[in-house]
> 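Have a look at this one.
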2 protein chains.
Amino acid sequence: MVQRKSGHVTLVDVARACGFSVSTVSIVLSEAPLSQNIAPSTRERVQVAARQLGYHPDAYARSLRSRRSQTIGVLAYDLSDPFCVPIVRGIQAALQPACFLPLLIDAQTKRSLFDACMTMILERRAEGVIVIASWVFEETNLLADVRKNGVPMVIVSRDMTDRGISSVLVDNEAGGALALRHLSQLGHRRIAVIRGPEKMFDSEPRWAGIQSAARKAGIRFDPKLVFQLPGLAGPDSGFEEGLLFSRQMLACGRPFTAVLAFDDLTALGVVRGLTEAGVRIPDDCSVLGFDDVFPAAVATPGLTTVRQPLRDMGMQAAEWLLHAIESRDPGAGKPLRKSPLLSKVRPELVVRQSSAPPPRNLGKNQKGALPALDTPLRQGR
Amino acid sequence: MVQRKSGHVTLVDVARACGFSVSTVSIVLSEAPLSQNIAPSTRERVQVAARQLGYHPDAYARSLRSRRSQTIGVLAYDLSDPFCVPIVRGIQAALQPACFLPLLIDAQTKRSLFDACMTMILERRAEGVIVIASWVFEETNLLADVRKNGVPMVIVSRDMTDRGISSVLVDNEAGGALALRHLSQLGHRRIAVIRGPEKMFDSEPRWAGIQSAARKAGIRFDPKLVFQLPGLAGPDSGFEEGLLFSRQMLACGRPFTAVLAFDDLTALGVVRGLTEAGVRIPDDCSVLGFDDVFPAAVATPGLTTVRQPLRDMGMQAAEWLLHAIESRDPGAGKPLRKSPLLSKVRPELVVRQSSAPPPRNLGKNQKGALPALDTPLRQGR
DNA sequence: ATGCCTGTTTAAAACGTTTGAACTATCGGT
DNA sequence: ACCGATAGTTCAAACGTTTTAAACAGGCAT
């Protein structure tokens, strides 16, 4: 047993153990092209020694020398939001075969941390960065640094192509339309809507999609039944807000047979609030979410929602990045700043049990919370 | 503007820009003790230059030199399991102030990946490893390598002190007892149980806790109402199994007024199954989960469950590791293999809406699925 | 003997930091 | 005029790799 000074087994240790030079050992173990010229017997002896000592090459030294970290920084705004996880998973899946490691960092929805995280990523010499940001993230001087150091970057769930950053996100307009069309086809005419926070990117286009689909279906919204989430902090806050709004809906006395919520968590809050008031879902009222996040699938009733292909979005982002890295690599030319890419992926309606045709006549157990419809309903086509 | 060969700004660049030597620049920017002796004017000029160029020290070079990676490898068995996230969060929280970065890796419940991940962690020279493993993870030769290289390790959610690895996990026995006692205090006597998979660590002690509490309360289980999950693969499988078992429960014709599920996802499956069969929760039947995972809180009705303080568990693990690293650091002595630490943290009952006293007399909308109780019920003390 | 292949192996430089030791001035004291 | 201090700055070596170019040993033809 060799007495090592530091804790880890190094090339020197292996070299000493098998009697060859460091160079030879390196060539063999890294399977460099030169290893073709190494005598098979030598190869064998080197490998045996390495295995015996439990040698693992030092990624730091290797990266330092090769100027490649084989790492992509992934900055998630909040890992405890079930929205993030599938995206991260997708990124991982795409990175795996290319032997890249995601350096996953959770900004915990704190602006201050965001900066620190970006610094980390830059210091660790990530070859690319993916930012998962559904929330407000203003530009920071760090962003300039990312540029300055020529690190390619993709943002998920927000369109920043206008600032030169490639973006992959869901087609919010189509998604909003999808949700509304589903409700109108079921026969709903009086629909309450909870819009997203003003500062959040998705809010506006999603609402636009809803409105245009509503226009086409001849549906008008009762302004008293249109709500808007305040800026949201953390995934539980959506639930709380939904709960609150559902109570307001019932309290304001306007008739409605469906609620279209901004996202799944808000929708789940609405489900809770309505249920507690004795409204049965979907018999008395339908509830729709958006995102198709894990809790939406395991809730009862299962939440009808508009699915974002989060995993695919993550994969897309990762693949763009890999491609950018690869194409810049050989020429060593400057970043080759092409125009930023944009992918608006198509959302998909997932029908579960929380949506159904509106009630024909209202039951008596509703204490007048849901005023009777004044128009006879048409069954969905 | 200096023309750099590689993409990143280095000390040399800064040195050239401000006219001082690399050493001086390094001393200033790393705020080494020697920087006391540097003239304030120099300091100023160096800092300005660094900022202007967007310099970030190269963590790789730094680590190589200092032999410290400031990194803890975190190997999660499956990030898409909501069980993992709070633990990871706790780890992060504990690591932050010590300026350690978690190197988060997701093994995606695949054995093969597990090995690759461990290799990654070793190569990246993590100074410690935390394994989050609620699932079967047999010993692998990698574990030996971890040893050989003297990397301290903690495992969360499994007791491996017998193999010399420090462990932090919930007191499953106490948790099981807590759940059962809650039901018995509400007056339930006929309780269906879904036990954990045979190969999973938590299953046995949790069941033991349930049994001993049942004995004390004078409750006996109907063997036909005791189920056992098969080995589980992925977080959705728990839900599916719960759904299936709930149907079996109803089909077998034995009376029960409560279901005690192995974990929250299984419980949510049960809720779905019972609800679909027209059983109202909690009026006709109570359902209990375990873990207090995010979906349990946002489901309707909110799931009564036994909470694992996951975040605290993560913090505990991280703190042990930091301590081990710190205490080994100065002496450069051998790993100082003390006996492994063990922390069984206390679980906590979280009462939500899915539990209530058993029904006095059974409603008629149950189609005989829940046969009538033969004993008059006592209200919980 | 010298020169030139061919097939193996190695020396040495480089990657970007940090740091103990060495180098300059400058100055007060003898 | 010389010796020490002291403040300010720089040299050079090291961390563990990878890789270019060179060294080395035989064998064969000149």
Side-chain angles (χ1 to χ4, degrees), chain A residues 2 4-46 50 53-70 122-125 127 149 332, chain B residues 2 4-46 50 53-70 122-125 127 149 332:
Chain A
V2 195
R4 283 166 256 108
K5 34 201 163 179
S6 142
H8 280 280
V9 184
T10 89
L11 272 188
V12 192
D13 297 318
V14 180
R16 207 155 13 195
C18 69
F20 288 97
S21 77
V22 177
S23 318
T24 309
V25 175
S26 165
I27 289 168
V28 170
L29 294 179
S30 67
E31 286 170 19
L34 272 181
S35 77
Q36 302 272 310
N37 300 342
I38 301 279
S41 66
T42 307
R43 252 204 303 255
E44 181 68 13
R45 277 168 57 198
V46 170
L53 270 64
Y55 169 80
H56 290 271
D58 183 322
Y60 285 74
R62 193 202 290 259
S63 292
L64 180 56
R65 167 69 221 225
S66 64
R67 337 188 60 144
R68 310 238 14 208
S69 66
Q70 298 281 92
L122 275 174
E123 296 192 348
R124 305 258 158 169
R125 293 297 186 259
E127 300 186 46
N149 291 5
Chain B
V2 195
R4 283 167 257 106
K5 32 201 164 176
S6 142
H8 280 280
V9 184
T10 90
L11 273 187
V12 190
D13 298 318
V14 180
R16 205 154 17 198
C18 69
F20 289 97
S21 79
V22 177
S23 318
T24 309
V25 176
S26 165
I27 288 167
V28 170
L29 294 179
S30 66
E31 287 170 17
L34 273 179
S35 79
Q36 302 273 308
N37 300 342
I38 301 281
S41 67
T42 308
R43 253 206 300 258
E44 181 69 13
R45 277 166 58 197
V46 170
L53 269 64
Y55 169 79
H56 289 271
D58 183 323
Y60 286 72
R62 193 199 288 252
S63 292
L64 180 56
R65 167 70 221 225
S66 64
R67 340 189 59 145
R68 312 242 7 212
S69 65
Q70 298 281 90
L122 275 175
E123 295 191 348
R124 304 258 158 171
R125 293 294 185 262
E127 300 187 46
N149 291 4

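Worth saying up front: this structure is predicted, and the values here are computed from it rather than measured.
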> Does a side-chain N or O from A/Ser21 land closer than 4.0 Å to OP1 or OP2 of C/dT10, or not?
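A/Ser21 to C/dT10 OP1/OP2: side-chain N or O found under 4.0 Å.
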
> I need the CD1-C1' distance between B/Ile27 and C/dG20, as an integer number of Å.
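It works out to 10 Å between those atoms.
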
> Taking only residues two or more places apart in sequence or in another chain, which ones pass ring-ring contact (aromatic ring centres under 6.0 Å, His included) with B/Tyr55?
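ring-ring contact (aromatic ring centres under 6.0 Å, His included) list for B/Tyr55, sorted by chain: empty.
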
> What side chain to side chain donor-acceptor pair (under 3.5 Å) pairs are there with at least one residue in residues 20-43 of chain B, not counting sequence neighbours?
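For residues 20-43 of chain B: B/Ser21-B/Thr24.
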
> Which residue, B/Ile38 or A/Arg65, contacts DNA chain D at a nucleotide closer to its 5' end, judged by nearest heavy atom?
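Counting from the 5' end, the first nearest nucleotide belongs to B/Ile38.
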
> Please enumerate all residues that pass side-chain hydrogen bond (donor to acceptor under 3.5 Å, both in side chains) together with B/Arg124, with sequence neighbours excluded.
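Testing B/Arg124 for side-chain hydrogen bond (donor to acceptor under 3.5 Å, both in side chains), a comparison that skips the adjacent residues, returns A/Thr71.
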
> Please name the pair of heavy atoms, one in A/Leu53 and one in A/Val9, separated by the smallest distance, quoted to 0.1 Å.
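Scanning both residues completely, I find the closest heavy atoms to be O-CG2, 3.4 Å.
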
> Does C/dG16 have its OP1 or OP2 closer than 4.0 Å to a side-chain nitrogen or oxygen of B/Thr10?
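Checking B/Thr10 against C/dG16: no side-chain N or O falls below 4.0 Å of OP1 or OP2.
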
> Search all heavy atoms of A/Leu122 against all heavy atoms of B/His8 and return the closest pair with its distance.
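Closest pair (atom of A/Leu122, atom of B/His8, distance): O-CE1, 4.5 Å.
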
> So, does B/Thr24 get its side chain near the phosphate of D/dT9, meaning an N or O under 4.0 Å from OP1 or OP2?
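False: B/Thr24 side-chain N/O out of range (4.0 Å or more) of D/dT9 OP1/OP2.
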
> On DNA chain D, does the nearest nucleotide to B/Gly19 precede the nearest nucleotide to B/Arg125 from the 5' side, or the other way round? Give the residue.
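Closest to the 5' end, via its nearest nucleotide, is B/Gly19.
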
> Give one of base, sugar-phosphate or nothing for A/Ser30, where a contact means two heavy atoms less than 4.0 Å apart.
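The residue A/Ser30 makes sugar-phosphate contact but no base contact.
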
> Give A/Ser63 one of three labels, base, sugar-phosphate or nothing, depending on what nucleic acid heavy atoms sit under 4.0 Å from its own.
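No contact at all - A/Ser63 keeps every heavy atom at 4.0 Å or more from the nucleic acid.
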
> What does the list of N/O pairs under 3.5 Å between the protein and nucleotides 5-7 of chain D look like, with a distance for each?
none

> Please classify the nucleic acid contact of B/Phe20 as base, sugar-phosphate, or nothing, using heavy-atom distances under 4.0 Å.
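Here B/Phe20 touches the backbone only, sparing every base.
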
> Just how far is it from atom CD1 of A/Ile38 to atom CZ of A/Phe20, taken to the nearest 0.5 Å?
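The CZ atom of A/Phe20 is 8.5 Å from CD1 of A/Ile38, to the nearest 0.5 Å.
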
> Quick one: does A/Arg67's side chain have a donor or acceptor within less than 3.5 Å of a partner on A/Leu64's backbone?
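Side chain of A/Arg67 to backbone of A/Leu64, a donor-acceptor pair under 3.5 Å: no, none is there.
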
> Assign a letter to each nucleotide of nucleotides 21-26 of chain C from its 5' end: B, base within under 4.0 Å of a protein heavy atom; S, sugar-phosphate only; -, no contact.
------

> Rounded to the nearest 0.5 Å, what separates atom CD in A/Glu127 from atom OG in A/Ser69?
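Atom-to-atom, A/Glu127:CD and A/Ser69:OG are 4.0 Å apart.
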
> Are OP1 or OP2 of C/dT18 and a side-chain N or O of B/Arg62 less than 4.0 angstrom apart?
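Yes, such a contact exists.
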
> Write down the atom of B/Val12, the atom of B/Val22, and the distance for their closest heavy-atom approach.
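Of all heavy-atom pairs spanning B/Val12 and B/Val22, the closest is CA-CG2, 4.4 Å.
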
> Would you say C/dT8 has OP1 or OP2 under 4.0 Å from some side-chain N or O of A/Thr42?
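Checking A/Thr42 against C/dT8: no side-chain N or O falls below 4.0 Å of OP1 or OP2.
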
> C/dT18 phosphate, OP1 or OP2: any side-chain N/O from B/Ser26 under 4.0 angstrom?
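For C/dT18, OP1/OP2 do have a side-chain N/O of B/Ser26 under 4.0 Å.
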
> Is the phosphate of D/dT18 approached by A/Tyr60 (side-chain N or O, under 4.0 Å from OP1 or OP2)?
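So the side-chain polar atoms of A/Tyr60 never come under 4.0 Å of the phosphate oxygens OP1 or OP2 of D/dT18.
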
> Measuring to OP1 and OP2 of C/dG16, would you say a side-chain N or O of A/Arg67 lies under 4.0 angstrom away?
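For C/dG16, OP1 or OP2 has a side-chain N or O of A/Arg67 closer than 4.0 Å.
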
> Could you tell me whether the side chain of A/Arg62 reaches within less than 4.5 Å of the side chain of A/Gln70, counting heavy atoms only?
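The answer is no, as the side chains (C-beta and beyond) never meet within the 4.5 Å cut-off.
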
> What I'd like to find out is whether the side chain of A/Pro57 reaches to under 4.5 Å of the side chain of A/Leu29, using heavy atoms alone.
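A/Pro57 vs A/Leu29: side chains apart.
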
> Using five pairs at each end of the helix from C/dA1-D/dT30 to C/dT30-D/dA1 to define an axis, what is the angle between those two axes, to 10°?
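It comes to 100° between the two terminal axes.
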
> Separation of B/Arg45 atom CZ from D/dG8 atom P, in whole Å?
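Computing the B/Arg45:CZ to D/dG8:P distance gives 14 Å.
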
> Using a cut-off of 4.0 Å on non-hydrogen atoms, how would the nucleic acid contact of B/Ser66 be classed: base, sugar-phosphate, or nothing?
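No contact.
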
